[in-house]
Q: 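My questions all concern the structure below.
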Amino acid sequence: MNETTPDSLIPYDEIVQDALRGVVGRVLKRIEAEGGLPGGHHFYIAFRTRAPGVVIPQHLLERYPEEMTIVIQHRYWDLEVGPEQFSIGLSFNQMPSMLTIPYDAVVGFVDPAVNFALQFPPKEGEAPPEPPPGDPQPPAPDGTDDGSNVVTLDRFRRK
């Protein structure tokens, strides 16, 4: 019996990751159909801001050149869920913004109300995005509440 595992010609890991990203889409589709979040459910969705198909305002891209996390809880509007992406309206510093996020750009999904979390690696052959030279780094958090819907997922990640 051979002690080494042969390389698979079937990309099982990629297929499983795509299926799990489908969970995010199915959950959002259900929220869209029901017109809101049931009970205490709310979501943190982290995504790569420079991934193909992501559409966010320039001021958010400048502040979060690699990754950002949105919170879907009380104040959101125009949630539209499609087979490859979703769009949602959120407010950042009292400024309304529309975002379009492909599921392939999602790197994390958390529903802390029920302690459910998914984490996704970059797709095969895809490196984490590098910010273009000269882009400012996002400001360090100073502990003040600026009304932003952006949070970090670090406390939910396994170390």
Side-chain angles (χ1 to χ4, degrees), residues 11 13-38 40-132 135-139 141 145-158:
D13 289 342
E14 187 176 322
I15 292 168
V16 169
Q17 292 302 316
D18 286 344
L20 289 173
R21 280 187 170 96
V23 169
V24 175
R26 287 184 66 182
V27 168
L28 292 174
K29 190 68 170 170
R30 186 175 199 156
I31 300 313
E32 176 189 38
E34 293 176 3
L37 291 150
H41 289 277
H42 57 287
F43 309 135
Y44 297 148
I45 301 176
F47 64 96
R48 291 174 295 109
T49 56
R50 296 188 187 274
V54 170
V55 178
I56 62 174
Q58 184 63 33
H59 71 277
L60 292 177
L61 187 58
E62 289 170 0
R63 186 166 179 191
Y64 303 98
E66 294 179 31
E67 184 178 303
M68 74 180 289
T69 301
I70 59 172
V71 178
I72 301 176
Q73 188 170 11
H74 299 296
R75 291 188 242 166
Y76 67 90
W77 59 91
D78 294 340
L79 176 62
E80 292 185 24
V81 181
E84 304 293 324
Q85 65 190 24
F86 69 97
S87 297
I88 190 166
L90 293 169
S91 182
F92 299 90
N93 295 325
Q94 288 76 41
M95 187 181 314
S97 302
M98 286 301 298
L99 291 75
T100 299
I101 304 166
Y103 302 119
D104 284 349
V106 174
V107 295
F109 176 86
V110 177
D111 182 347
V114 292
N115 202 24
F116 179 80
L118 295 171
Q119 199 167 355
F120 306 104
K123 288 219 161 221
E124 185 66 33
E126 193 178 82
E130 291 292 324
D135 265 8
Q137 292 298 316
D145 183 10
D146 63 359
S148 173
N149 287 348
V150 180
V151 296
T152 180
L153 286 178
D154 289 342
R155 66 181 174 155
F156 297 104
R157 291 187 175 147
R158 292 184 185 167

Q: Going by the rule side chain to side chain donor-acceptor pair (under 3.5 Å), which residues pair with Glu80 if we only count those two or more places apart in sequence or in a different chain?
A: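 For Glu80 there are no side chain to side chain donor-acceptor pair (under 3.5 Å) partners, ignoring immediate neighbours.
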
Q: Looking only at heavy atoms, what is the nearest atom pair of Ala117 and Val110, with distance?
A: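 Heavy atoms of Ala117 and Val110 come nearest at CB-CG2, 3.9 Å.
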
Q: How long is the gap from CD1 on Ile45 to CG on Leu118, to the nearest 0.5 Å?
A: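 Taking CD1 in Ile45 and CG in Leu118, the distance rounds to 10.5 Å.
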
Q: Val114: which residues meet the side chain to side chain contact (heavy atoms under 4.5 Å, CB included) condition with it, sequence neighbours left out?
A: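 Applying side chain to side chain contact (heavy atoms under 4.5 Å, CB included) to Val114 gives His41, Asp111, Phe116.
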
Q: Taking all heavy atoms of Gly40 and all of Ala113, pick out the closest pair and write down the distance.
A: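 That closest heavy-atom pairing would be O-CB, 3.2 Å.
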
Q: Indicate the atoms forming the closest heavy-atom contact of Met98 with Ser87, along with that distance.
A: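 Looking at all heavy atoms of both residues, the closest pair is CE-CB, 4.5 Å.
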
Q: Kindly indicate whether the side chain of Glu32, heavy atoms from C-beta on, has any atom under 4.5 Å from the side chain of Lys29.
A: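 When only atoms from C-beta onward are counted, Lys29 and Glu32 do touch, with a gap below 4.5 Å.
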
Q: What distance separates Asp104 CG from Phe120 CZ, expressed to the nearest 0.5 Å?
A: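 So the gap between those two atoms works out to 10.0 Å.
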
Q: What pair of heavy atoms forms the shortest contact from Pro121 to Gln17, and how long is it?
A: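 Between these two residues, the closest heavy atoms are CD-OE1, 3.4 Å.
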
Q: For the CD atom on Gln58, are there more than 12 heavy atoms of other groups (residues, nucleotides or ligands in this structure) within a distance under 6.0 Å?
A: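 Enclosed.
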
Q: Quick one, Leu28 and Ile72 - any side-chain contact, counting heavy atoms below 4.5 Å?
A: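 Yes; the side chains approach each other to less than 4.5 Å.
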
Q: Where is the tightest heavy-atom contact between Pro102 and Pro52, given as atom of each residue plus distance?
A: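 Taking Pro102 first and Pro52 second, the nearest heavy atoms are CG-O, 3.4 Å.
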
Q: Nearest 0.5 angstrom please: Ile88 CD1 to Leu79 CG, how far?
A: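 One gets 5.0 Å once the value is rounded to the nearest 0.5 Å.
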
Q: Any non-hydrogen side-chain atom of Glu67 less than 4.5 Å from a side-chain atom of Phe47?
A: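 No, side chains not in contact.
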
Q: For Phe43, enumerate each residue passing the ring pair (Phe, Tyr, Trp, His ring centres under 6.0 Å) test, keeping only those at least two apart in sequence or located in another chain.
A: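 Only Phe109 meet the ring pair (Phe, Tyr, Trp, His ring centres under 6.0 Å) criterion with Phe43.
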
Q: State, to 0.1 Å, how close Pro112 and Tyr44 come at their nearest heavy-atom pair, and which atoms those are.
A: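 Closest pair (atom of Pro112, atom of Tyr44, distance): CG-CE1, 3.9 Å.
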
Q: Is there a side-chain contact (heavy atoms from CB on, under 4.5 Å) between Leu20 and Tyr103 once you walk through the steps?
A: CA-CA 10 Å; Leu20 289 173; Tyr103 302 119; over 6 Å; no

Q: Taking C-beta and beyond as the side chain, do Ile56 and Phe92 meet within less than 4.5 Å on heavy atoms?
A: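 With C-beta onward as the side chain, the pair stays apart.
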
Q: Nearest 0.5 Å, please: how far is CG in Leu60 from CE in Met95?
A: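 Here the interatomic distance stands at 8.0 Å.
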
Q: Could you work out, with side chain to side chain donor-acceptor pair (under 3.5 Å) as the rule, every residue matching Ser97, not counting sequence neighbours?
A: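 In terms of side chain to side chain donor-acceptor pair (under 3.5 Å), with neighbours along the sequence ignored, Ser97 is linked to no residue.
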
Q: Check side chain to side chain contact (heavy atoms under 4.5 Å, CB included) between Pro96 and all other residues, then give those that pass, not counting sequence neighbours.
A: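 For Pro96, the residues satisfying side chain to side chain contact (heavy atoms under 4.5 Å, CB included) (neighbours in sequence not counted) are Trp77.
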
Q: Could you list the residues that satisfy side chain to side chain donor-acceptor pair (under 3.5 Å) with Arg30, not counting sequence neighbours?
A: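 Testing Arg30 for side chain to side chain donor-acceptor pair (under 3.5 Å), a comparison that skips the adjacent residues, returns Glu34.
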
Q: Does any part of the side chain of Ile31, heavy atoms only, come nearer than 4.5 Å to the side chain of Tyr76, both counted from C-beta?
A: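 They are in side-chain contact.
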
Q: Closer than 3.5 angstrom, by distance alone: can the side chain of Arg50 be matched with the main-chain N or O of Pro65 as a donor-acceptor pair?
A: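 Judged by distance alone, yes, a pair lies under 3.5 Å.
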
Q: Do Leu61 and Met68 come close enough that some side-chain heavy atom pair is under 4.5 Å?
A: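 Side chain of Leu61 against side chain of Met68, heavy atoms only: no contact under 4.5 Å found.
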
